[in-house]
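Following: one structure in structure tokens, then a few remarks.
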Amino acid sequence: MRTQVGIIGAGPAGLMLARLLKLQGVDSIIIENRSEEYIYNRIRAGLIEHWAADLLVDVGVGERMQREGLRHWGINIGINGELHRLDFKALVNKRVTIYGQQEVVKDLVARRRADGGPLLFEVDGVTVHDVKTDRPKISFTHEGRAEVIECDFIAGCDGFHGIARPSVPDGVLSVFEREYPFGWLGILSESPPPDHELIYSYTDRGFALYTMRSPTLARLYLQCDPDEDIENWPDARVWDELHKRLGGARKLEEGAMLQKGITPMRSFVVEPMQYGRLFLAGDSAHIVPPTGAKGMNLAFADVMFMSRAIEKFYTKNSGDLLESYSATCLRRIWKAQRFSWWMTQIMHRFPAESAFDRRRQFSDLDYLTSSETAARSLAEQYVGLPLD
Ligand code: RFL
Ligand code: PHB
């Protein structure tokens, strides 16, 4: 097989990259190790930044999102039951869109099919070769046959557990990392919203987040121990804790629990995000704690920069944007890292916190909810910084 860009991974990064390249007349092949059904059922992100929602519309995959997505012009910050609304319309005149990541993925796959593919699911044994030459290759097996993609560039869009990042020789990448002493227990519940917008709730018992997937489907998260066994959280205990952490502010209605799982929290970045003709994008290069809702949005930003660089290479015969790809992405990534870390540390209880830490945390929340300048700073970052 021969193509211009070989894309590993059919998540938001890989699928969006393929669409952007298609619009520029650049060919690609996407390979994905999971099944199509699996990627449609993986519940993850739910919040799309202002510019990213516009991007989905501009590239022709936003039609269902515009119909079914929920546009939010603010969020609520709860401090031990007292709610403060941050009004994004007044503060920055921008909104966010609530629309599940797996729905975005379905829309992007449908678009890819309409574009004529290729998109191969359930590939095995993916390995990259010759990435320091201008003819890199990806080998794998598909439906029992050994295959090789020869290409000009490889896009490593295969997430945190993928093979692209580990393929870079030892000593090339620097890792910047922080683990948090808690995780998020997430549930999906068939129950109506207690508020039409999100509630980020700081309480003495720990953090809770109320978000949603539709007007009848609630998504709720609870701060928990990072290595907590889900067996210790029967439905009744989850509801009891949710009532305690969210119920002070709004009446929470219970419903059938459709899904329940625990996610660890970490901040992670590798630098640089390129090695020869291998370019990393999205979770393969960085992870943010979900408090700032930045992961999928950063993945889209990376592939925007990558597609611009590839376009310039083919149309102007210039590799300068490719050379600066990593530096361009990392400027934005570090701002999102800082914001996600800051949101995480003001909203959660920390096991080792001192009395000083708690006073400072309350003061941070007080400042955020009483100063228009502080609220505008959060709003500007939450709705997404401009791309350029
Ligand atoms: P993905 O989505 O992990 O996709 C990578 C794809 O690569 C495949 N793959 C391989 N394919 C071929 N060969 C291999 N060897 C492969 N290894 C892996 C995988 O099967 C997969 O299909 O990465 P991508 O595209 O970079 O997208 C990143 C986002 O998925 C991620 O950042 C977000 O989900 C993070 N996130 C959130 N982001 C937001 O922007 N807004 C949110 O509200 C938000 N909430 C969240 C989140 C993530 C969460 N979890 C579970 C980690 C909430 C949670 C709870
Ligand atoms: C979600 O809708 O799943 C979601 C929203 C905002 C966050 C994290 C997750 O900060």
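Ligands are counted one by one from 1 in listed order, and the atoms in each one are counted from 1 as well.
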Practice task
Could you point out which residue of Arg44, Arg67, Arg64, Arg42 forms a salt bridge (charged side-chain N to carboxylate O under 4.0 Å, His left out) with Glu103?
Solution key: Arg64
Fill in the blank from the handout: Which of Ile7, Leu119, Asp124, Ile149 passes side chain to side chain contact (heavy atoms under 4.5 Å, CB included) with Ile31? It is Ile149
Handout entry: Phe160, portion touching ligand 1 at heavy-atom distance under 4.0 Å
Key = neither
Handout entry: Polar atom proximity, Trp184 to ligand 2 (N or O, under 3.5 Å)
Key = no
Fill in the blank from the handout: Between Asp364 and Trp342 the two heavy atoms that sit nearest each other are OD1-NE1, 3.6 Å
Exercise for the section: Would you mind telling me if ligand 1 is within reach of the side chain of Asn33, the backbone, both or neither, using heavy atoms under 4.0 Å? Expected result: both
Handout entry: Contact partition for Thr211 relative to ligand 1, non-hydrogen atoms under 4.0 Å
Key = neither
Problem - Within the 6.0 Å centroid threshold, strictly below: Phe362 and Tyr202 - result: yes
Exercise for the section: Out of Arg219, Glu122, Arg44, Glu32, indicate the one that has the non-hydrogen atom closest to atom 3 (O) of ligand 1. Expected result: Arg44
Practice task
Could you tell me the residue and atom name of the protein heavy atom closest to atom 10 (O) of ligand 2, and the distance to it rounded to 0.1 Å?
Solution key: Tyr200 OH, 2.7 Å
Problem - Ring-face cation contact, Phe160 with Arg165, 6.0 Å cut, 45° max - result: yes
Handout entry: Heavy-atom proximity to atom 44 (C) of ligand 1, best of Pro12, Ala52, Ala45
Key = Ala45
Practice task
Take every heavy atom of Glu49, measure it against each atom of ligand 1, and state whether any distance is under 4.0 Å.
Solution key: no
Handout entry: Nitrogen or oxygen atoms of Asn297 and ligand 1 under 3.5 Å apart
Key = yes
Practice task
Look only at interatomic distance and state if Ser284 has a nitrogen or oxygen under 3.5 Å from any nitrogen or oxygen of ligand 1.
Solution key: no
Practice task
Answer yes if the ring centres of Tyr180 and His348 are under 6.0 angstrom apart, and no otherwise.
Solution key: no
Exercise for the section: Verify whether the ring centers belonging to Phe182 and Phe207 lie closer than 6.0 Å. Expected result: no
Exercise for the section: Could you check Arg332 against Glu49 for salt bridge (charged side-chain N to carboxylate O under 4.0 Å, His left out), going step by step and ending with a plain yes or no? Expected result: CA-CA 14 Å; Arg332 185 181 181 84; Glu49 292 176 353; 3.5 Å; yes
Problem - Distance-only N or O hit between ligand 1 and Gln101, under 3.5 Å - result: yes
Handout entry: Asp283 N/O under 3.5 Å from ligand 1 N/O
Key = yes
Exercise for the section: May I ask you to identify, for Asp158, whether its side chain, its backbone, both or neither come under 4.0 Å of ligand 1 on a heavy-atom basis? Expected result: both
Completion exercise
Ranked by distance from atom 4 (C) of ligand 2, the top protein heavy atom is Thr211 CG2, 3.8 Å
Practice task
Check each heavy atom of Cys157 against ligand 1 and say whether those closer than 4.0 Å belong to the side chain, the backbone, both or neither.
Solution key: backbone
Practice task
Look at atom 8 (C) of ligand 2 and say which protein heavy atom is nearest, naming residue and atom and giving the distance to 0.1 Å.
Solution key: Pro290 O, 3.3 Å
Handout entry: Min N/O separation Arg219 to ligand 2 under 3.5 Å
Key = no
Practice task
Work out whether the distance between some heavy atom of Met343 and some atom of ligand 2 is less than 4.0 Å.
Solution key: no
